[in-house]
There are 2 protein chains.
Amino acid sequence: MRGSQPHCQTCSLNALCLPLSLNDADMERLDDIIRRGRPIQKGQLLFQQGEQFQSVFAVRTGALKTYTLASNGEEQITGFHLASELVGLAGYDNGNYPLTAKALETTTVCEIPLTQLESLADELPDLRKQLMRTMGTEIRHDQNMMLLLSKKNAEERVASFLLDISQRYSRRGFSATHFRLPMSRVDISNYLGLAVETISRVFTRFQKNGLIETQGKEVILHDSDTLYELAGLNSDSECGHDGDE
Amino acid sequence: MRGSQPHCQTCSLNALCLPLSLNDADMERLDDIIRRGRPIQKGQLLFQQGEQFQSVFAVRTGALKTYTLASNGEEQITGFHLASELVGLAGYDNGNYPLTAKALETTTVCEIPLTQLESLADELPDLRKQLMRTMGTEIRHDQNMMLLLSKKNAEERVASFLLDISQRYSRRGFSATHFRLPMSRVDISNYLGLAVETISRVFTRFQKNGLIETQGKEVILHDSDTLYELAGLNSDSECGHDGDE
DNA sequence: CGTTCCGTTGAGATCTATCAACCGTGGTGG
DNA sequence: CCACCACGGTTGATAGATCTCAACGGAACG
């Protein structure tokens, strides 16, 4: 994102990331324990299901997907993680990551070692609250996904998905109507519990109806209102994901 | 459960409930802030979506379901809560309950007021860890549900469900093969993302194949191994829910 | 320039939802 | 005591949405 060693204090994402509710002094202490590693390339793993749980990560640039493996080997994508969003907190309850995180494109992350995060949380009530809030947000997101997966049809799911991504980009200051999807159609279909072909068909149907315009991964939302209606949401409510893990 | 005022220290559920990892002194302090209310009757609400978030609850006896309302009014059941399990932590991230909790039968709960829980957590690192762990467990559960809802067919879902309930009863010292489902078929169908009729058909099919035996809400598992196979699980792994919210 | 991966489109198969009827139980009231 | 009703659960027939299988086009890449 910037040249030498970046810091939370100067990071353009700090208003969205874990430092969210921290004052300057606290942020500095958080900054001290964060490790900034090499970028990881598309397709590489950040951590793997079953590995020992050692760190939580914040996406600085790029995007990740997280997925669990069923015992039959099928993968279920549980979330996409864009810049400023946390990854890995879902595994907090025991010693191993319950899911795998893979880069969708070249990605840089901030690594926050768990032991240090825990001892810092012991001292900083605000950080603690922020962590709990982030986990609560993740639970809300997952429960919205459960609703989507068990009650919505293909068009509703795709509409919800597009609006979710739109809102998340918008929150980071990017266009809410013109963006690039970092994940493949296959990933989208897996996430939404549909076949790839169904995703493709819904995209073209939406395009024919003038709701969206797509060219590969580039998407333009032309009629967000109708999309919101389709998704079964009001335009000011959440639609699946809330930005943090 | 018992006559006058019960206490965490003597509660038969304390090895499964929030006091899980607390020492005696800490448990006593937790015990002090817990309120034991009147039993709530079948169909009554413990709390409602949108209400101010004030307390977390532990089920002492009976059972609850929690569900969210989509904007079209449809309800999506996100979990069932048996004795010793926590309810309400899912809402931790903001000021309002994001879901409703309704009693499936006459139910008694321990109420833990949030403000007091928070200040107690400020002092007791073990309690804090326990809370985080519980939330992490809930996230894992929800992600397992996402997998179930997007990848499993009707038989696999029902098998997973029955084994989940079985494990949870078993953990509380009850039979893993002979139990009573506290929820209706409609609730099960809603939870599993299927039509009631499908649930009914799968139950009878399982019964014809000698896998289970049912009479109304009473269930006997005759062939857990095949059920585990169907569910796509090994018999020692989790299958959806892990006991705590 | 060939290969591979990804996305799209078409035709047919399949699972589950839907609609409808029926049954047993429990509660209510005449 | 019995008729009646409401409700939950079961079963059958049909319809529909999505999956599966298959083929094709284009972009990316070595």
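Residue numbering restarts at 1 for every chain, and letters A, B, ... go by the order of the sequence lines. Computed from heavy atoms alone, side chains included, the values below leave out hydrogens, waters and symmetry copies.
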Asker: Assess whether atom NZ of Lys42(B) is packed by more than 12 heavy atoms of other residues, nucleotides or ligands within 6.0 Å.
Answerer: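 Count not over threshold, so no.
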Asker: Decide, yes or no, whether a salt bridge links Lys217(A) with Glu105(A) under the criterion of side-chain N to carboxylate O below 4.0 Å.
Answerer: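 Judged by the 4.0 Å cut-off on N to carboxylate O distance, Lys217(A) and Glu105(A) do not form a salt bridge.
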Asker: Give the B/S/- string for nucleotides 24-30 of chain D, one per nucleotide from 5' to 3', where a protein heavy atom under 4.0 Å of the base yields B, of only the sugar-phosphate yields S, and otherwise -.
Answerer: -------
Asker: According to the salt bridge (Lys or Arg N to Asp or Glu O under 4.0 Å) rule, which pairs have a member within residues 201-214 of chain B, sequence neighbours left out?
Answerer: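 Checked against salt bridge (Lys or Arg N to Asp or Glu O under 4.0 Å) - neighbours excluded - the pairs reaching residues 201-214 of chain B are Glu155(B)-Arg205(B).
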Asker: Taking DNA chain C as the partner, which of residues 193-201 of chain B come within under 4.0 angstrom of it by heavy atom?
Answerer: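 Hits under 4.0 Å, by residue number: Gly193(B), Leu194(B), Ala195(B), Glu197(B), Thr198(B), Arg201(B).
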Asker: For the pair made of CZ in Phe203(B) and C1' in dG8(D), what is the distance, rounded to whole Å?
Answerer: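 Roughly 14 Å, once rounded to whole Å.
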Asker: For Glu156(B) and Lys151(B): C-alpha separation, side-chain torsions, deciding distance, then whether salt bridge (charged side-chain N to carboxylate O under 4.0 Å, His left out) applies.
Answerer: CA-CA 9 Å; Glu156(B) 293 165 345; Lys151(B) 296 276 183 300; over 6 Å; no
Asker: Would you check if there is a donor-acceptor pair between the side chains of Gln143(A) and Glu138(B) at a distance under 3.5 Å?
Answerer: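 Yes, a side-chain donor-acceptor pair sits under 3.5 Å.
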Asker: When the C1' atoms of the five terminal pairs at each end define the local axes, what inter-axis angle does the helix from dC1(C)-dG30(D) to dG30(C)-dC1(D) show, to 10 degrees?
Answerer: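 The end-segment axes of the helix from dC1(C)-dG30(D) to dG30(C)-dC1(D) are tilted 30° relative to each other.
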Asker: Could you label the plane-to-plane angle of the His141(B) and Tyr191(B) rings as parallel, tilted or perpendicular, counting under 30° as parallel and over 60° as perpendicular?
Answerer: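 Aromatic pair His141(B)/Tyr191(B) classed parallel.
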Asker: Considering only heavy atoms of chain A and a distance under 4.0 Å, specify the first and last nucleotide of DNA chain C in 5' to 3' order that meet this criterion.
Answerer: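 Footprint of chain A along DNA chain C, 5' to 3': dG7(C) to dA11(C).
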Asker: Could you tell me whether Lys65(A) and Glu75(A) make a salt bridge, using a distance below 4.0 angstrom between a side-chain N and a carboxylate O?
Answerer: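 Judged by the 4.0 Å cut-off on N to carboxylate O distance, Lys65(A) and Glu75(A) do form a salt bridge.
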Asker: With under 30° as parallel and over 60° as perpendicular, where do the rings of Phe53(B) and Tyr97(B) fit, or are they tilted in between?
Answerer: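 Aromatic pair Phe53(B)/Tyr97(B) classed perpendicular.
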Asker: I need the Asp164(A) CG to Phe80(A) CZ distance, nearest 0.5 Å.
Answerer: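 So the gap between those two atoms works out to 10.0 Å.
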Asker: Would you kindly say whether Thr214(B) and Gln207(B) are connected by a side-chain donor-acceptor distance under 3.5 Å?
Answerer: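 Yes, a side-chain donor-acceptor pair sits under 3.5 Å.
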Asker: Without hydrogens or angle criteria, can the side chains of Glu111(B) and Ser55(B) be said to hold a donor-acceptor pair below 3.5 Å?
Answerer: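 Side chains of Glu111(B) and Ser55(B): pair found under 3.5 Å.
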Asker: How close or far is atom C1' of dT10(D) from atom NZ of Lys217(B), stated in whole angstroms?
Answerer: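 Value for this atom pair: 14 Å.
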Asker: So, do Phe179(B) and Ile165(B) sit near enough that their side-chain heavy atoms are less than 4.5 Å apart?
Answerer: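 In contact.
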Asker: Mind checking what makes side-chain hydrogen bond (donor to acceptor under 3.5 Å, both in side chains) contact with Ser150(B), not counting sequence neighbours?
Answerer: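 Checked Ser150(B) against side-chain hydrogen bond (donor to acceptor under 3.5 Å, both in side chains); matches are Gln76(A).
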Asker: On DNA chain D, does the nearest nucleotide to Lys208(B) precede the nearest nucleotide to Glu155(A) from the 5' side, or the other way round? Give the residue.
Answerer: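 On the 5' side of the pair lies Lys208(B).
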Asker: Could you tell me the separation between the NZ atom of Lys151(A) and the C1' atom of dA17(D), rounded to a whole number of Å?
Answerer: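 One finds 17 Å between C1' of dA17(D) and NZ of Lys151(A), rounded.
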